Amino acid sequence: MTYSKQITSTASAAETVREKGQSRAVWAVFFACVIAFMGLGLVDPILPAIAKNLHASQSEVTLLFTSYNAVMAVAMLITGAISSRIGIKRTLLAGIVIIAVFSALGGGVSNGIWQLVGLRGGWGLGNALFVATALSAIVSLSSSGTARAVILYEAAIGLGISIGPLIGGELGSISWRGPFLGVAALMIIAFIALFAWMPKSNQQHAVKSKTSLLDPFRAMKHRSLVVFGVAAALYNFGFFTLLAYAPFVMGLDEHGLGYVFLGWGILLAITSVFMAPKLQMRLGTVTSICIMLLLFGLDLLVMGIWTSRQGVIITAVIIAGALLGNNNTLITTAVMNAAPVERSTASAAYSFLRFLGAAVAPFMAGKLAEWFNPHVPFIVGAGFVIVSILFILLNRNHVKHVDRAETGH
């Protein structure tokens, strides 16, 4: 059974989360996943406060996303080799320790923007080790089968992304250092839970076959995998323009930004778990991806035209959560069916490509605003998203097998 068929045939995420039969180890990984994925949106509500307190420009502050994503992109290439040698449990624990250390240092000792940017990059290394391994851990430990384990993982992503901005806003209203220290404290709890509840036998499961550092590069010989990776890199220009630059034009305090991105995250979580599988069944994966990207591009264009209208920007950001939630699940599913390689290897190659776009976009958005005006970053971001659609359509013959895999033909 293919990855996409497993997702589309599963019960709802709510039933999975309520399931009583899962072991404590699964829930420990689930909790740690929620905390790890908080990091994506945690700094959103405090970007203006960081700029003010550290006397940094908007483009300098957006480097907090650039360093985080750049390190993640490179680290994704080595996570498989590491986990296949030291085991899943040790890789997860190492990732948690790195996140905790660098987030604590970021909140505790940073007195300048460049120091904070560097420490945020270290956070990205820990996140890469953890995120790349967590899905394998949940699947191998779950007592309810792969399909429900995948939905449980998606639920953790959604919760983390939606809760992150809320916690960031609440703690950020006290001090911009608060969110960094808060994540460090939560990761300590996650470390204790994983160390105590995750069995050592899982490590032996991980080291049966060792992954080579060259495997992700070898996987890129498959045109279909490269198509989705490049398309994701292009669309991430729009994604991270919204994530890193929109807080500067909304004119809200930390509380307000936290609630806006909470709404964004909730829609992202709901659509990624409930709506994306239905779109797959009705329209097919590739067509659904193109439709969601088109709508997201138009959403960014609206933000670019009416940048000075606070209500329009807030509404567009929240709506974007629904579009991004669908697209994230759809394109990840497509990647899992794109090439005849191990899922972890395909994910590493794809993640390397997409995070390259995520690394460049935030800084570029800040610079475009400084060079031109606040409208330009969103318009340019929309252009990149439209280009990603054209790229997929021009390579349609190389990816159409994804829809056949979904239907089992």
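Hydrogens, waters and symmetry mates are skipped; everything else that's a heavy atom, side chains included, is used. Computed from a prediction, not measured in an experiment: that's the story for all the values here.
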Practice prompt. Check whether any side-chain N or O of Gln115 sits under 3.5 Å from a backbone N or O of Asn111 as a donor-acceptor pair, and report yes or no.
Written response: yes
Worksheet item: Does some side-chain heavy atom of Ser67 sit less than 4.5 Å from a side-chain heavy atom of Trp123?
Response: no
Item to complete: Kindly assign one of parallel, tilted or perpendicular to the pair Phe30 and Trp27, based on the angle between their ring planes and the thresholds 30° and 60°.
Response: perpendicular
Discussion item. Quick check: closest heavy atoms across Phe65 and Pro362, and the distance to 0.1 Å?
Written reply: CB-CG, 3.5 Å
Fill in: Nearest heavy atoms of Met72 and Gly124, plus distance in Å
CG-O, 3.1 Å
Worksheet item: Heavy atoms, side chains only, cut-off 4.5 Å: are Val380 and Phe237 in contact?
Response: no
Practice prompt. Could you tell me whether a side-chain N or O of Arg354 sits under 3.5 Å from a main-chain N or O of Tyr350, the two making a donor and an acceptor?
Written response: no
Practice prompt. Would you check if the side chain of Ser175 reaches a backbone N or O of Arg177 as a donor-acceptor pair within less than 3.5 Å?
Written response: yes
Item to complete: Could you check if a side-chain atom of Leu63 sits within less than 4.5 angstrom of a side-chain atom of Trp114, using non-hydrogen atoms only?
Response: yes
Practice prompt. Kindly determine whether Ser110 and Leu119 satisfy side-chain contact (heavy atoms from CB on, under 4.5 Å), including the steps that lead there.
Written response: CA-CA 8 Å; Ser110 293; Leu119 291 171; 3.3 Å; yes
Fill in: Interatomic spacing from NZ in Lys52 to CD1 in Ile46 - rounded to 0.5 Å
14.5 Å
Practice prompt. Could you pull out all residues at least two apart from Lys221 that satisfy salt bridge (Lys or Arg N to Asp or Glu O under 4.0 Å)?
Written response: none
Worksheet entry | Intermediate values then yes/no, side-chain contact (heavy atoms from CB on, under 4.5 Å), Trp176 and Leu54 | CA-CA 10 Å; Trp176 69 265; Leu54 297 183; 3.9 Å; yes
Worksheet entry | Residue pair Met292, Leu279: steps toward the side-chain contact (heavy atoms from CB on, under 4.5 Å) verdict | CA-CA 10 Å; Met292 289 300 107; Leu279 287 173; 4.1 Å; yes
Worksheet item: Is it the case that Lys89 places NZ or CZ above or below the six-membered ring of Phe195, under 6.0 angstrom from the centre and within 45 degrees of the axis?
Response: yes
Discussion item. Please check: side-chain N/O of Ser103 versus main-chain N/O of Val183, any donor-acceptor pairing under 3.5 Å?
Written reply: no
Practice prompt. Spell out, as yes or no, whether a donor-acceptor pair under 3.5 Å connects the side chain of Arg120 to the backbone of Tyr68.
Written response: no
Worksheet entry | Side-chain donor/acceptor of His398 to backbone N/O of Arg223, under 3.5 Å | no
Worksheet item: Can you check whether Leu252 reaches Gln310 side chain to side chain, under 4.5 Å on heavy atoms?
Response: yes
Worksheet entry | N/O donor-acceptor pair under 3.5 Å between Asn326 side chain and Ala322 backbone | yes
Discussion item. Strictly distance-based, threshold 3.5 Å: is any side-chain N or O of Asn69 a donor or acceptor partner for the main-chain N or O of Ala358?
Written reply: yes
Discussion item. Whether the side chain of Ser388 engages the backbone of Val385 through a donor-acceptor N/O pair (distance < 3.5 Å, no angle test) should be reported.
Written reply: yes
Response to the item:
Between Val402 and Ala338, the two heavy atoms sitting closest are CG2-CA, 4.2 Å
Worksheet item: Is there a donor-acceptor pair closer than 3.5 Å between any side-chain N or O of Glu370 and the backbone N or O of Ser59?
Response: yes
Worksheet entry | Non-hydrogen atoms of Ala36 and Phe130 that approach each other most closely | CB-CD2, 3.6 Å
Item to complete: Determine whether the aromatic ring centres of Tyr245 and Phe240 lie less than 6.0 Å apart.
Response: no
Item to complete: Taking the side chain as every heavy atom from C-beta outward, state whether Ile289 and Phe228 have any pair of such atoms under 4.5 Å apart.
Response: yes
Worksheet item: Just how far is it from atom CG of Leu64 to atom CG of Leu116, taken to the nearest 0.5 Å?
Response: 5.0 Å
Discussion item. Quick check: closest heavy atoms across Met303 and Ile313, and the distance to 0.1 Å?
Written reply: O-CD1, 3.6 Å
Worksheet item: Does some side-chain heavy atom of Ile318 sit less than 4.5 Å from a side-chain heavy atom of Phe261?
Response: no
Discussion item. For the CE atom of Met250 and the OG1 atom of Thr307, what is their distance to the nearest 0.5 Å?
Written reply: 12.0 Å
Practice prompt. With side-chain contact (heavy atoms from CB on, under 4.5 Å) as the test, would you mind laying out the steps for Phe363 and Gln58 before giving the verdict?
Written response: CA-CA 9 Å; Phe363 183 68; Gln58 292 180 0; over 6 Å; no
Discussion item. How long is the straight-line distance from OH of Tyr259 back to CG of Asp253, given to the nearest 0.5 Å?
Written reply: 10.0 Å
Item to complete: Identify, with sequence neighbours excluded, every residue that meets side-chain contact (heavy atoms from CB on, under 4.5 Å) alongside Val302.
Response: Trp306, Val312
Worksheet entry | Ala269 versus Ser272, closest heavy-atom pair with distance | O-OG, 2.9 Å
Practice prompt. Report yes if some heavy atom in the side chain of Leu77 is under 4.5 Å from a heavy atom in the side chain of Phe217; otherwise report no.
Written response: yes
Discussion item. Once rounded to the nearest 0.5 Å, what's the spacing between atom CE of Met275 and atom CG of Leu330?
Written reply: 9.5 Å
Worksheet item: Is the shortest heavy-atom distance from the side chain of Asn327 to the side chain of Phe296 under 4.5 Å?
Response: no
Worksheet item: Going from CG on Leu368 to OG1 on Thr241, what distance comes out if it is rounded to the nearest 0.5 angstrom?
Response: 8.0 Å
